[in-house]
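What follows is a set of notes on a single structure, which appears directly below.
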Amino acid sequence: MNPTEIFEAIEAIARAPFDAGEFPFAFAEATDNAKATISKLRNGTTNKSDLPGGVLVARKFHYAPALRGMTDVTLDALRGSKRTATAKPAILIATDGETVAAEHRASGDTLHCRFDEIGDHFGFFLPAAGKERYRAVEENPIDVKATGKLARLYDALVKANPDWATDARRHEMNQLMMRLIFCLFAEDVGIFPYNQFSRLVFSHAGNKGEEAREAILAAFRAMNLPKDRRAGLPAWTAELEYVNGGLFASGIDAPVFDPVAFRYLKDAAALNWREINPDIFGSMIQSVADPKQRAELGMHYTSVPNIMKVIGPLFLDDLDAEIEKAWDRPNGLRRALSRMAGMRVFDPACGSGNFLVVSYRELRARETRILQRIAELEGSTQVQMWSAIPITNFYGIELDDFAAETAKLALFISEYQANARFGEVFGQMPATLPLKEAARITCGNALRLNWDIVCPPPGEGEQVFIAGNPPFLGDNSRTDEQNADMEHVLAGTLDSYKRIDFVSCWMFKAANYTRGRSARSALVATNSICQGQSVGALWPHILVDGIEIGFAHTSFKWRNNASANAAVICVIVGLRNESRERKRLFSGDLGAVVSTINAYLLDGPNLFIHAEARSIFGLPYMEYGNKPTDDGNLILSEVEKDDLLSEYPEASRFVKKFMGSDEVVNGKVRYCLWVPDQDADEAAAIPALRARFDRVAAFRAASKAAQTRPAAAFPHRFRQAQNWARSHAILVPSVSSERRPYLPVERVGADVIPSNLNQVLYDAPDWCLALIASRLHLVWIATVCGKLKSDFRYSNTMGWNTFPVPHFTQDQLEQLSASARRIMKTRWSHYPATIAELYDPERMPDDLRQAHKENDDLLESMYIGRPFRNDTERLEKLFKLYAARMKQEAAA
DNA sequence: GATCCGACAGCTG
DNA sequence: CAGCTGTCGGATC
């Protein structure tokens, strides 16, 4: 159940007559417990409560009925209950049917309200449904309630009017929803006389909405016409205001309301729309037209703090500094005002308009403050009495029609709210109606549209700021159409673009728009575009012809107030034309002024590390492990191996130890079937193996990967059986935790088959291990390789093959080998501790730490004659060596 | 033939 | 649920 559904279920309880015995089961149902759980609760088998009439569901809630007027006493009893202590319910709830007293145990927050109001506080009860507390909901439940009502209305309308669900009519349907929302908002905030729209429509719509369509159509048509031009419309529409502003200008139609849809419309009208928050409301409401998004409910909307991370350094911080500097000088303040009037904000992936709404609100707030200050300084009332920041300075592109319509509406609502605040301060507010022009939202594909046409380039005295959070999609999750969009944008400029993220297209177009103009841009992106292969593929084509990174936020975890957050790590990159202004690099909440920001978002030289097939410093060949592509059928757990061998001892010659990252890092044990081609028939004669091979063949044959399908012909073998050791192998897990102070690396015997989750040095000397286990190497890998979210990802081509080393003498190599063996020996002395345990930053044994320290000191003295002071110094040296090597190669 | 990536995925506490 | 940490195999070079 999503929050909307939980709200509706709790509200239904609030409306129904109270029954002390029935309430806890209804509450359990409303908070997402399975039917079976509830019936077990009813017959008492799982009820753990120790209070009379109480019901306790472990980790969810503990309820007890209260005597009239005694809810607080009962809540106290719940707090003191032994069973509360053992079963750890999230929520305690006591009620007498009149009032409710409840507590959220983790925070100690309490709730006291009338029983029939519990629907309004449903956010408080979400923890009883196993959901985290949902701050946005508790602060502003109206947004979720409105979303729920509108979603029901939308569904009911589509059901009653199947033709309105077609692509051809979707835009009209979306417009209808926006018009209705506008009217409901307008009549609640005083744009229309209170309740005017619903009063008129509902009194002419018939009892069950038989005439609702005609009434709504008449009302909409009237609002598009000045009052003196409404001949031909029903007389009752004369009362309605002239709205216009484009909202009612085009294609007025309405679907038929059946009794169900009509009831939902009435429910929606009953909400207090004054309270809605356009920041969040816009995002939530997007889910109305898209049932898939309802479960996610705002998963991808950008939170206000994250928007501020973008627009702060992009333009607000500079503006604030300017205002601050001119604070005592009316002329300076007027200059700031006139600059603000020329500032345009353009979000080329605007969704429901979050960035535009927040930008608009922030600019209007500053304008109001400046006007107040000017009035104060000049002691007169002769200040400009109206805002010079037009809503038409806000531009957006959005693919989804419903979201685009929402963005327009959200901006309209923000404009109204900003004007109302202006009115509070200056005692006068302009006439709201008829609406003036609206924000410039274009519904279309940002990767196909010419941005210069959507948002004309800045003229004299103007600045354009591109800001937004475009979609992230890796190469495995794009549609054919999206791939075609990428080709359209990037082919011809980028040599290889297919493996970089979709969001790169926006970054690229933003750079092109910005270049050579009075413009700047800043976009949220997945951190992968500033790591690994993407860096060399993308950034050399952005940071050219005068474009530089003016500010950036390094990786941060995506978070907003939605109940489910997207699992992704983001960066923000601000682009501008080369400038002497400061550059700012933010890590978390800390910002630093730096001299250059490179494509890795580091304060360092503007350098792109490219993948290499072999080490450019002459290190041994490291290669990718063996990839099964077997749906698990060539892999055996310890138990499976034992079962197999006890039944078919002759299979033992086909079974080998199999190690991936997990096996190296966490000491897990797995086996694989490793059958030489000439023994394929013999192996297939063993029924258990034959069954496994058949499953492999079926799985591969059904694959959509071109390389996998032919491998169905040799199911006894890995799809890619690359190599194996003659005497020993050094394994480097390809993914491992970012918390460790050193990269995991392990030396194994020839009996082990390394999986593709390791990079492998076969039969290589021990000094290689000393390099990989060094701090220098970790710093290099962390910088130039990709990441999995924020964890280290080891690549042979980009990490090992580019790793700069000085020329080692034979003697030095022997010293390093000895050092590597000391590290291994120290690890063995802690047997059976795993690498994960040994390298836990909190619990790393002192002797192992010491062995690594000695290894680092030894290796580093071979670079510069002494240990490095810190990682910055390490990286500087490595970059220098890399650059020198590249120069040498270019010369050769 | 070889390998980088995942608006993640699976496990644990 | 929320934090932690690396599977698996497609797609691309």
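Within every chain, numbering begins at 1; the chains are lettered A, B, ... in the order of the sequence lines, protein sequences first and strands thereafter. Computation of the quantities below employed the complete heavy-atom set of this structure, encompassing side-chain atoms and omitting hydrogens, waters and symmetry-equivalent molecules.
No hydrogens or angles were tested; on distance alone, a donor-acceptor pair under 3.5 Å links the side chain of A/Q707 to the base of B/dA2. No donor-acceptor contact under 3.5 Å links the side chain of A/Y794 to the base of B/dC4.
Among the protein residues, A/K704 comes within range of the sugar-phosphate backbone only, with heavy atoms under 4.0 Å from sugar or phosphate atoms but none that close to a base. Within 4.0 Å of A/D501, counting heavy atoms only, lies no atom of the nucleic acid at all. Nucleic acid contact for A/K787: sugar-phosphate only, since backbone atoms but no base atoms lie under 4.0 Å from a heavy atom of the residue. Across all strands, A/R740 comes closer than 4.0 Å only to sugar-phosphate atoms, never to a base (heavy-atom distances). A/Q720 comes within 4.0 angstrom of a base, heavy atoms only. Nucleic acid contact class of A/N476 (heavy atoms, under 4.0 Å, all strands): base.
Applying the 4.0 Å criterion to OP1 and OP2 of C/dC4, one finds that A/R739 has every side-chain N and O outside that range. Note on A/S661: a side-chain N or O is less than 4.0 Å away from OP1 or OP2 of C/dT7. For C/dC8, one of the phosphate oxygens OP1 or OP2 lies less than 4.0 angstrom from a side-chain nitrogen or oxygen of A/R670. Distances shown here put every side-chain N or O of A/S736 at or beyond 4.0 Å from the OP1 or OP2 atom of C/dT5. Distances shorter than 4.0 Å separate none of the side-chain N or O atoms of A/S496 from OP1 or OP2 on C/dT12. Checking the phosphate oxygens (OP1, OP2) of C/dG10, a side-chain nitrogen or oxygen of A/R719 falls inside 4.0 Å.
Remark: P of C/dT12 and CD1 of A/I500 are 12 Å apart, rounded to the nearest angstrom. Residue A/R478 contributes atom CZ, which lies 13 Å from atom C1' of B/dA7 at whole-angstrom precision.
Distances were taken from every side-chain heavy atom of A/R793 (C-beta onward) to each of B/dA7, B/dA2, B/dG6; the shortest belongs to B/dG6.
Judged as a side chain to side chain contact (heavy atoms under 4.5 Å, CB included), and not counting sequence neighbours, the contacts of A/R700 are A/L634, A/V696, A/T708, A/A711, A/A712, A/F714, A/R719.
For DNA chain C, runs of at least 3 consecutive pairs of the Watson-Crick or G-U wobble type, with both hydrogen-bonding distances under 3.5 angstrom, map to B:1-6 with C:8-13, B:8-13 with C:1-6.
Stacking of the aromatic ring of A/Y624 onto the base of B/dA2 is not found under the criterion of centres within 5.5 Å and planes under 30°.
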